[in-house]
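A quick write-up on the structure given underneath.
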Amino acid sequence: MAAIKSLSSTYRMNSGYEIPILGYGVYLVPASRTERPTLEALRLGYRHVDSAIMYRNEKACGRAIASSGVDRAEIFFTTKIPPESMGYNATKKAIDSSLRTAEQEYFDLILIHAPYGGKQARLGSWRALVEAQKAGKTRSIGVSNYGIHHLNELEEYINSSEDGSTIDVGQYELHPWLDHSDIVQWLQQRNIVIQAYSPLAHGTRMKEPLLASLGKKYGKSPAQIMIRWGLQKGFVPLPKSVTPSRIKENSEVFDFELEEEDMKVLHTGDYSPTDWDPTVDYD
């Protein structure tokens with residue numbers, strides 16, 4: 001992957017499009033409070049906004065993008081298909097509805113949010129994403145929260161269907177206390193970009209002595225250490241905050257590098273989700 005240089009650095013996806021290596025997440029941000037911090041993130045130089053139908057704030061994100069003064073072509077905007085819209089027909093309707101809601105001509109990325117609904121529903125949703133990509137409604141497609149068995153199922157379908165599709169992105173909760181190493185290896189072997197949601201573990205680890213020690217060593221906050229860890233793992237972190245100072249702080253992670261020994265120390269071996277974990281729960 002490309003060198004980690006700045007907030008404007010990108011990775012090239014299997015689709016051929018570029019994705020900024022750090023994003024601004026809006027999970028759990030109420031719609032009424034989404035537009036202002038998203039605008040602030042764009043003002044600070046973020047060019048990657050991660051939303052979802054389940055978040056109910058696509059419209060606010062779209063408005064922030066439209067009023068930011070930044071060319072739409074420079075902004076990477078993501079949404080996700082929710083569990084209740086799994087299956088070919090439901091996913092097709094959800095995509096068109098999201099475009100209308102967010103007032104967008106296209107999304108840069110649409111993900112299947114979780115592997116719910118069973119095999120036929122998952123594959124039907126994928127087929128709808130492939131059609132949307134070919135129709136220009138989204139530039140890239142991918143999955144979120146898929147376990148290895150779900151990924152193998154999808155890969156087998158893609159190979160047998162010969163529809164020319166690729167998995168461009170896999171999105172997971174990823175931080176030093178949940179590294180999903182088996183899934184990460186599967187994705188990296190196929191050059192699939194890995195996005196890290198909840199890269200700050202919802203703030204539950206900020207008082208860890210390990211982070212305090214590394215923060216003192218590098219002159220950085222615990223949040224910056226965690227984000228930098230994700231970047232050096234090759235992930236695309238998606239930190240969330242509605243506080244301008246923290247949005248700014250979360251972007252100031254390109255002026256230092258964690259030493260190899262510290263990256264090893266941050267390999268805690270823990271498996272502690274702070275969110276849902278559909279990777280292991282669904283057939």
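What you are looking at is a predicted structure, and each value in this text was computed from that prediction instead of being measured.
The hydrophobic cluster containing Val26 does not contain Leu39, counting ILVMFWY residues as joined when their side-chain heavy atoms lie under 4.5 angstrom apart, directly or transitively. In terms of hydrophobic clustering, with Ile, Leu, Val, Met, Phe, Trp and Tyr side chains grouped at heavy-atom distances under 4.5 Å, Met54 and Leu129 are assigned to a common cluster. Ile141 and Met13 fall within the same hydrophobic cluster, defined by Ile, Leu, Val, Met, Phe, Trp and Tyr side-chain heavy atoms under 4.5 Å apart, directly or through other members. Note: the hydrophobic cluster containing Ile112 does not contain Tyr106 (ILVMFWY, side chain heavy atoms under 4.5 Å, direct or indirect links).
Taking the six-membered ring where the residue is Trp, Tyr271 and His180 present perpendicular rings, their angle passing 60° and hence far from 30°. Between Tyr55 and Tyr27, the angle of the ring planes lies from 30° to 60°, which puts this pair in the tilted group. The aromatic rings of Tyr46 and Tyr24 sit perpendicular to each other, their planes meeting at more than 60°, with 30° as the lower class boundary.
Residues His267 and Met263 fail the side-chain proximity criterion, which asks for heavy atoms closer than 4.5 Å. Contact check for Leu178 versus Ser272: no side-chain heavy atoms found under the 4.5 Å cut-off. Between Pro115 and Asn145, the closest side-chain pair of non-hydrogen atoms falls below 4.5 Å. The shortest distance between side-chain heavy atoms of Glu153 and Leu123 falls below 4.5 Å. Under the 4.5 Å side-chain criterion, counting only non-hydrogen atoms from C-beta, Ile227 is in contact with Leu200. Looking at heavy atoms from C-beta onward, Ile194 lies in side-chain contact with Leu174 at the 4.5 angstrom threshold. Using a 4.5 Å heavy-atom cutoff, the side chains of Phe107 and Thr78 are not in contact. Inter-residue side-chain proximity for Lys137 and Asp96 is flagged as met; some heavy-atom pair is nearer than 4.5 Å.
Nearest heavy atoms, Gly23 versus Val236: N-CG1, 4.5 Å. Residue Ile225 comes nearest to Leu214 through the heavy atom pair CD1-O, 3.9 Å, listed as atom of the first residue, atom of the second, then distance. Here the shortest heavy-atom pairing between Tyr11 and Leu231 reads OH-O, 4.1 Å. Closest non-hydrogen pair, Glu259 versus Tyr218, comes out as N-OH, 2.8 Å. Ser68 and Ile65 make their closest contact through OG-O, 2.8 Å (heavy atoms, listed as atom of the first residue, atom of the second, distance). The minimum heavy-atom distance linking Leu44 with Leu7 is given by the pair O-CD2, 3.8 Å.
Here the side chain of Asn14 pairs a donor or acceptor atom with the backbone of Ile167 at under 3.5 angstrom. Formation of a donor-acceptor pair under 3.5 Å by the Ser251 side chain with backbone atoms of Lys248 is found in this model. Using a distance-only test at 3.5 Å, with no hydrogens or angles considered, a donor-acceptor pair links the side chain of Arg47 to the main chain of Leu42. Remark: side-chain polar atoms of His48 are paired, donor with acceptor, to backbone N or O of Pro20 under 3.5 angstrom. A donor-acceptor pair is defined here as one N or O able to donate and one able to accept, closer than 3.5 Å; no such pair exists between the side chain of Ser97 and the backbone of Lys93. Between the side chain of Thr268 and the backbone N or O of Pro176, at least one donor-acceptor pair lies under 3.5 Å. A donor-acceptor pair is defined here as one N or O able to donate and one able to accept, closer than 3.5 Å; such a pair exists between the side chain of Asp108 and the backbone of Phe77. The main-chain N or O of Gly87 is found under 3.5 Å from a side-chain atom of Ser125 such that the two form a donor-acceptor pair. Proximity of a side-chain donor or acceptor of Glu173 to a complementary backbone N or O of Asp275 within less than 3.5 Å is detected. Looking at Ser160, its side chain does come within 3.5 Å of a backbone N or O of Glu156 through a donor-acceptor pair.
Remark: Arg122 is not positioned above the aromatic ring of Trp126, lacking an NZ or CZ atom under 6.0 angstrom from the ring centre and at most 45 degrees off the axis. Cation-pi contact between Arg139 and Phe76: absent, since separation from the ring centre below 6.0 Å together with deviation from the ring axis within 45° is not met.
Note: Tyr172 and Trp186 fail the aromatic proximity criterion, with ring centroids not under 6.0 Å apart.
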One pair to check against side chain to side chain donor-acceptor pair (under 3.5 Å): Glu131 and Tyr88. What are the steps and the verdict? CA-CA 10 Å; Glu131 289 185 6; Tyr88 175 74; 2.7 Å; yes
Worked verdict on Arg36 versus Glu40 for salt bridge (charged side-chain N to carboxylate O under 4.0 Å, His left out): CA-CA 6 Å; Arg36 183 173 293 181; Glu40 177 65 10; over 6 Å; no
Are Thr101 and Glu58 close enough, and set up right, to give a side chain to side chain donor-acceptor pair (under 3.5 Å), and what steps lead you there? CA-CA 7 Å; Thr101 298; Glu58 293 169 302; 4.9 Å; no
Which is it for Lys217 and Asp262 under the salt bridge (charged side-chain N to carboxylate O under 4.0 Å, His left out) test, yes or no, and what are the steps along the way? CA-CA 10 Å; Lys217 176 178 178 178; Asp262 295 326; 2.7 Å; yes
Evaluate the side-chain contact (heavy atoms from CB on, under 4.5 Å) criterion for residues Ile110 and Ile81: first the C-alpha distance (whole Å), next the side-chain angles of each, then the deciding distance (0.1 Å), finally the verdict. CA-CA 7 Å; Ile110 300 180; Ile81 303 301; 3.9 Å; yes
Can Thr243 and Ser245 be said to form a side chain to side chain donor-acceptor pair (under 3.5 Å), step by step? CA-CA 6 Å; Thr243 306; Ser245 61; 5.7 Å; no
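Residue-environment remark: CZ (Arg33) stays at or below the threshold of 12 foreign heavy atoms within 6.0 Å.
Each of Lys240, Gln171, His175 was scored for a side-chain contact (heavy atoms from CB on, under 4.5 Å) with Tyr197, with one residue passing: Gln171. Checked against Val193 for a side-chain contact (heavy atoms from CB on, under 4.5 Å), the options Asp168, Val169, Ile21 give a single hit: Val169.
Side-chain atoms of Ser165 and Gln133 form no donor-acceptor pair, as typed in the model, at a separation below 3.5 Å.
In this structure, CD in Glu249 is found 4.5 Å from CD in Gln224, a value given to the nearest 0.5 Å.
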